Amino acid sequence: SQQGEEDPQALSIQEGENATMNCSYKTSINNLQWYRQNSGRGLVHLILIRSNEREKHSGRLRVTLDTSKKSSSLLITASRAADTASYFCATPEETTDSWGKLQFGAGTQVVVTP
Amino acid sequence: NAGVTQTPKFQVLKTGQSMTLQCAQDMNHEYMSWYRQDPGMGLRLIHYSVGAGITDQGEVPNGYNVSRSTTEDFPLRLLSAAPSQTSVYFCASSYSPGYTSYTFGSGTRLTVV
């Protein structure tokens with residue numbers, strides 16, 4: 001079953017614009033992760049934000065986490081054509097004695113046009 | 001380069017055939033897993049392993065078999081291929097699942113006709 005749900009499903013922007021996508025999840029988490037997948041390729045880890053963090057930056061990426069609303073957002077600033085990809089949020093499933101398997105949402109497809 | 005290596009990259013099977021998808025990692029990760037990716041459904045966990053000799057089922061295990069004889073390798077076997085197993089398969093590993101990020105292989109695109 002999917003834990004994270006991304007919104008929107010698809011996003012089309014022009015180079016230089018900012019892109020924002022959101023992720024909602026259902027159960028408690030100890031961290032939330034964002035991945036990028038270029039067409040026909042594997043997933044690449046972007047950012048991991050822990051449950052006690054509210055915001056995290058990496059280059060042109062900014063991730064926020066609101067555990068009270070069970071939601072996260074990924075912002076890509078000054079987008080480039082190379083940012084065209086699918087973006088997934090993922091959360092570790094909580095088991096009886098530890099945090100475990102990573103569960104993914106269906107992803108947001110981002111297209112950046114020159 | 002350190003990472004997760006999957007072979008083959010592409011495969012076409014006939015219904016009923018069997019095959020093994022290979023996955024190897026050189027990061028000494030104890031945790032390894034297999035996912036399948038279908039359009040509009042994100043990634044779904046097939047099987048996973050927390051160390052050599054230990055495997056367990058994920059969300060969609062039917063029709064697949066795994067074993068883990070070494071830390072490095074985690075092959076996925078399709079016992080009798082069905083068209084419903086047409087998908088893209090990803091192997092992933094992690095140093096500490098639930099606490100650290102995953103490293104993914106580049107995937108195997110499987111078509112069952």
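Just so we're clear, the structure is a prediction, and the values are computed from it rather than from any experiment. In the text below, chain A, chain B and the rest are named by the order of the sequence lines, each starting its count at 1.
Between A:Q37 and B:Q37, some side-chain heavy-atom pair lies under the 4.5 Å cut-off. With contacts defined as side-chain heavy-atom distances shorter than 4.5 Å, the pair A:L102/B:Y35 qualifies.
Of the atoms belonging to B:T100, it is backbone heavy atoms, and not side-chain ones, that fall under 4.5 Å from chain A. Residue contact with chain A, scored on non-hydrogen atoms closer than 4.5 Å, involves the side chain of B:F90 exclusively. Contact of A:L48 with chain B is made through the side chain alone, with heavy-atom distances under 4.5 Å. With a threshold of 4.5 angstrom between heavy atoms, B:S101 approaches chain A through its backbone and through its side chain.
Here the NZ-OH distance, from A:K101 to B:Y31, works out to 6.5 Å after rounding to the nearest 0.5 Å.
In the hydrophobic cluster analysis, where Ile, Leu, Val, Met, Phe, Trp and Tyr join through side-chain heavy atoms closer than 4.5 angstrom, A:I76 is grouped together with A:L65. Linking ILVMFWY residues whenever their side-chain heavy atoms come closer than 4.5 Å, directly or via other members, places A:L74 and A:V110 in the same cluster.
Other residues, nucleotides and ligands contribute at most 12 non-hydrogen atoms within 6.0 Å of the CZ atom of A:R80. At most 12 heavy atoms of other shown residues, nucleotides or ligands fall within 6.0 angstrom of atom CZ in B:R109. Summarising the local packing, CD of A:E17 is surrounded by more than 12 heavy atoms from other residues, nucleotides or ligands at distances under 6.0 Å. Annotation: B:E30, atom CD; neighbour count of heavy atoms from other residues, nucleotides and ligands within 6.0 Å is above 12. Counting heavy atoms of neighbouring residues, nucleotides and ligands inside a 6.0 Å radius, atom CZ of A:R41 does not exceed 12 of them.
The backbone N or O of B:Y99 lies less than 3.5 Å from a partner atom in the side chain of A:R50, making a donor-acceptor pair.
Residues B:F104 and A:L43 share a closest heavy-atom pair of CB-O, 3.4 Å.
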